[in-house]
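Bear in mind the structure is a predicted one, so any value in this text is a computation, not a measurement.
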Amino acid sequence: MNKTKHGKKMVAGIVVLLFFVLSLGQAGTINLPHKYPRTSPNLFSNSNFNGTTGWALTPIPQYDANVSRTADGSGSIRIPVNSSNYAQIQSAYFTNFKLNTLYTISFYVKTQHEPVYVSATLHLYDANNVRTFATGGTGQSAVSTTGEWQEIVCVINVSDPAIVKIKVVIEKREGPAYTADYYIDDVYFGEGISFDQPPVTSRQTFSGAKVKIDELGNWQVYESGAWKDFFPFALYPDLGRADYQSLSDQGFNLVMSQQFKSQVQKAKDATSTLNPNGMRAGLRLQKYATPGDSYWTHTLLATIISDINSTLSETLVCYDWDNENNWTTWSYWFDMVSTIRTNDTDHPIYVLNGSPGVQRLFSKRLSDISGTYTGFDMVNYESGFGKMQVLQYLEKQDTPVSIAQINYAEEESYGFRLRLYYALIMGAKGICWWGDGYDNNGNPDSTMMAEDRAWWSSITTLRGEINALLPIIKQPHWTTWAVTSTDSKIYFNTRDYNGDGYMIVLNAEDSPSLVTFTITGLDTTEIWDYFDDFFVTSVTADQFTVLLPANSTAVYRLVDVNYPETLFNGDMETAGSPLGTWITSGSGTTTRDTAIKFSGTASGKIVNSATTDDTMLLQFYSALKPNTTYRFTAMVKTDNVIKDSGAGTSSGAIVQLYAGGSNMFFPTGGIIGTSDWQLVEKIFTTSSAPNATWYVRLRLWSASGTVWFDNVSMQELHDNILLNGTMESAGSPIADWSDSGDGAITAATPTGYKGGLTCKMVNSNATDITTLQQSYPALKPNTTYNFSVWMKTENVVKDTPGPGVSGAIVQLYAGGSNMFFPTDGLVGTNDWTLVEHEFTTSATPNTTWYVRLRLWSASGTVWFDNACLYEVEQ
């Protein structure tokens, strides 16, 4: 092909392509925040190229004193027109660097030629001066507009402990020969992910007759005469599969990399409960992006497009292009895209950009929607650390960001869950897994089909969670309010929806985390579990604390409930004699302390001189509702509290709550010694016929020392049909529950999943059966309910051969329906696990209603906590 014809064909392709782009969509406001501003110091000493000190240029770069991005008197590095594609700029050595830490390499590029691909990496050296290269990273980048300085951002790290020094290397490698000089200036190397320039304020949209995509990357598909929200739960299947039925049954809804109509038909034929109209399909473009192949021509592409759309236009969802090679074939790519747009304007072109820094060049030219690799680790194959951030936040990148590519998931039952939720936290509007028939190192392995993975059984549950989460997922993955945590290894993200705040949370560590979150800019009083709609904890002084099990996820709804406050002046802000509505009594002193307080301007302070003293702040409050659950909370701080030697357990710094006949003391044993502010709480349910006495006493009882009380509150909670499901009220051995059987049941502390107490059940022999039982009021007929309980086990061993239902298990009898779960019971040693069961009552239930928490025909220990039975709102 001669040069003149080549130029005409490229111009014609651009004209056709721009026409179709303008006809398919328009810009939509996105207003991304500048989430990763640059705050870490620049480690380069000559970052603006005021000469070449500290830099080595090879083989063709040149210092140019006459061109600079800013008028600072310095120059830049010029890459002159040359037949060679290779150019490299090397820094001096760095020895003071951190392992397993993300670093940003940033620089500015200006060119008059399109495209020019530039990348950055690290050269690594061990003690013997042997050089290797940093693995991973965010790959090649390009500017979107000629004649304009634009920032290039690359994210990289060092994980090999043998490395003792590094060099930063900026280079031009693979790509078409360039016809004009280009320039590099203002280089940055610093810790963390950061961007010097803010992201775009709007992104393109796609509006076809079969698929729509908004500026956030949310998909809609046209199905059976109506538009429906669509979250791509996709994979690249082994094309040797006879059918895709098992994939559809499990919950995947999209197969990528299909090549012929017959394969797209297999997707449509794979109907299931989760995919009643079959799966969707993406048509593979990689082979059409490679010139010179006599089979995979653009003429064939046009034929296949026409063939598929003749009967399967609703099954086809996109053209998927895994853009990882053939960087020299820029004009040929235009021809491929022009072929698609000439024959189909209803389906978008999706580009998986392993080098997300080039996506802004593809925007409005070669693609409609984008995705890249994601991962929270830095060493696993295709982990993708930093790539989603570059794709989302690099300046001028105005293609919608949607699909998170997952090429690695731990071979554990929770493996896919961790990767999926990390993608959601990063803002993904879809996910795609690669590896059907490959091992986790990318090697062909027919024994590693999707069905053989350790996480396969979790896919159905995860698809259900995605369906339930879709209204939240569709929202912007940023908010005007913010959250911080006490554990830097916990990943989380905030969303807004229908007036409430939401958090998506991931603990990807192999150990549980007791983490405190601090909320800024959002009025919140309670934290609720999104999926099961149960109360998790209250927010006190903009903070809440939760226990996140190892390798776990959670979605929280942050609610500003504004229940009527039962107590007055709980924040101790109102002065009086000495504290407004609080009555003082006892042998010590009570004052309103404005120097030490948890929040606001004051706290209530009690000082006892002798260990025999008893001093309190007392308040009578209005009668609470019968059969209603409430939560009492207070923040407590102590200094040198010492109990009397003869004092009982209800002594020290303690709260006494009298609620219509129920007399409660907590925390168990009181607080002694010196302690910083801590939350004291009690969740309780009033009786059906409470008496007329209601008061709270904040006490320093049979102890010397000092205690401060602040933020005292009592609020009504949503109804839990079960009484004392939190196990906080002690009894014989646990209030509102009856015990029976061979083993021992105690109200144990401090291993409770929520609050301070939990039900602990111990069997010595595998033949033992032990039960904690509660009868509950009759439920409504033809009504759906959800039961949930948290369970933890230690060395639970079933009897052999034993009955069919055994181990740590729940028996729920609901008006004639006898249910046992989890299936086969829990055995062995397990950290806190949520066990839940949803059921619908019959039209004519009988009169028997109870729940039994059991260690049945098994030895070992089980703990139960937070048992809840709620009506499911329809």
Side-chain angles (χ1 to χ4, degrees), residues 32 35 102 136 138 155 193 213 216-219 229-236 251-254 256 282 318 320 322 350-354 356 359 369-378 380-393 399-410 412 414-435 440 450 453 455 458-459 461-478 489-495 502-509 530 551-555:
L32 274 167
K35 186 175 180 179
L102 295 183
T138 44
V155 181
I193 299 176
I213 297 169
L216 294 173
N218 293 303
W219 298 65
D229 292 332
F230 181 72
F231 180 95
F233 201 100
L235 80 161
Y236 288 89
F252 289 105
N253 62 11
L254 171 61
M256 293 292 209
C318 68
D320 72 270
D322 189 353
Y350 160 66
V351 171
L352 168 60
N353 250 319
Q359 182 57 47
I369 189 165
S370 61
T372 192
Y373 299 90
T374 56
F376 45 78
D377 53 72
M378 302 181 186
N380 283 320
Y381 174 72
E382 296 281 23
S383 65
F385 61 86
K387 291 188 176 183
M388 186 63 87
Q389 290 94 326
V390 171
L391 188 62
Q392 288 276 19
Y393 295 100
T399 308
V401 178
S402 183
I403 295 179
Q405 180 67 25
I406 299 172
N407 274 31
Y408 176 85
E410 289 84 346
E412 302 286 351
Y414 52 77
F416 206 92
R417 171 175 292 276
L418 303 189
R419 301 291 163 166
L420 169 63
Y421 270 79
Y422 181 77
L424 297 180
I425 288 168
M426 297 305 297
K429 310 298 184 180
I431 58 99
C432 184
W433 173 70
W434 177 86
N440 276 328
R453 304 289 178 156
W455 41 258
S458 72
I459 296 300
T461 300
L462 292 174
R463 170 67 188 279
E465 291 178 17
I466 288 295
N467 290 348
L469 271 174
L470 197 52
I472 311 303
I473 294 171
K474 289 175 58 181
Q475 307 310 310
H477 60 283
W478 62 91
K489 295 182 179 180
I490 300 300
Y491 300 98
F492 57 91
N493 178 285
T494 60
R495 307 285 174 100
Y502 292 83
M503 286 180 61
I504 303 173
V505 183
L506 165 65
N507 178 16
E509 298 297 307
Y530 175 79
N551 300 301
S552 69
T553 61
V555 180

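- Taking Arg417 as the reference, Glu465 meet the salt bridge (charged side-chain N to carboxylate O under 4.0 Å, His left out) condition, with sequence neighbours excluded.
- Listed by chain and residue number, Leu254, Met256, Cys432 satisfy the side-chain contact (heavy atoms from CB on, under 4.5 Å) test with Ala234 (two or more places apart in sequence, or in another chain).
- Remark: the backbone N or O of Asn507 is not paired with any side-chain donor or acceptor of Ser552 at under 3.5 angstrom.
- In terms of the ring pair (Phe, Tyr, Trp, His ring centres under 6.0 Å) criterion, Trp478 has no residue partners (sequence neighbours excluded).
- Closest approach of Thr138 to Val155, counting heavy atoms only: OG1-N, 2.9 Å.
- Every side-chain contact (heavy atoms from CB on, under 4.5 Å) that Asp322 has, sequence neighbours left out, goes to Gln286, Glu324, Leu352, Tyr373.
- The minimum heavy-atom distance between Ala423 and Thr374, with the atom names listed, is CB-OG1, 4.3 Å.
- Here the straight-line distance linking atom CG of Leu216 with atom NE2 of His477 works out to 8.5 Å at 0.5 Å rounding.
- Two residues are said to be in side-chain contact when any heavy atoms from C-beta on lie closer than 4.5 Å; Arg453 and Asn440 meet this criterion.
- For the pair Arg419 (side chain) and Ile406 (backbone), a donor-acceptor distance under 3.5 Å is absent.
- Annotation for Arg495 and Gln475: closest pair NH1-O, 3.8 Å, computed over non-hydrogen atoms.
- Residues that satisfy the side-chain contact (heavy atoms from CB on, under 4.5 Å) test with Ser402, not counting sequence neighbours, are Trp219, Ile369, Lys429.
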Checking side chain to side chain contact (heavy atoms under 4.5 Å, CB included) for the pair Gln392/Lys35: CA distance, chi angles, key distance, verdict? CA-CA 10 Å; Gln392 288 276 19; Lys35 186 175 180 179; over 6 Å; no
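- Residues satisfying the ring pair (Phe, Tyr, Trp, His ring centres under 6.0 Å) criterion with Phe231, sequence neighbours excluded, are absent altogether.
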So Phe233 and Asn467, side chain to side chain contact (heavy atoms under 4.5 Å, CB included) or not? Walk me through it. CA-CA 10 Å; Phe233 201 100; Asn467 290 348; over 6 Å; no
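- Of the possible polar contacts, one joining the Tyr530 side chain to the Ala468 backbone as a donor-acceptor pair under 3.5 Å is found.
- A pairwise comparison of heavy atoms in Met388 and Ala428 identifies CE-CB, 4.5 Å as the closest pair.
- Evaluation of the side-chain contact (heavy atoms from CB on, under 4.5 Å) rule for Glu412 yields Glu410, Tyr414 as partners, not counting sequence neighbours.
- For the side chain to side chain donor-acceptor pair (under 3.5 Å) test, residues two or more places apart in sequence or in another chain that qualify with Asn353 are Asn323, Gln359.
- For Thr372, there are no side chain to side chain donor-acceptor pair (under 3.5 Å) partners, not counting sequence neighbours.
- Annotation: the span from Asn218 atom CG to Ile213 atom CD1 amounts to 9.5 Å, rounded to 0.5 Å.
- Listed by chain and residue number, nothing satisfies the salt bridge (charged side-chain N to carboxylate O under 4.0 Å, His left out) test with Arg463 (two or more places apart in sequence, or in another chain).
- Pairing each heavy atom of Gly371 with each of Tyr350, the nearest pair is N-CE1, 3.4 Å.
- Side-chain atoms of Val555 and Leu469, non-hydrogen and from C-beta on, do get closer than 4.5 Å to each other.
- For the side chain to side chain contact (heavy atoms under 4.5 Å, CB included) with Leu420, the qualifying choice from Ile425, Ile466, Ile459 is Ile466, the only one to do so.
- Residues Tyr393 and Ile193 form no side-chain contact, since every pair of their non-hydrogen atoms from C-beta on lies 4.5 Å or further apart.
- For Ile431 against Ile403, the heavy-atom pair with the smallest separation is C-CG2, 3.9 Å.
- With sequence neighbours left out, the ring pair (Phe, Tyr, Trp, His ring centres under 6.0 Å) criterion links Phe376 to Tyr422, Tyr491.
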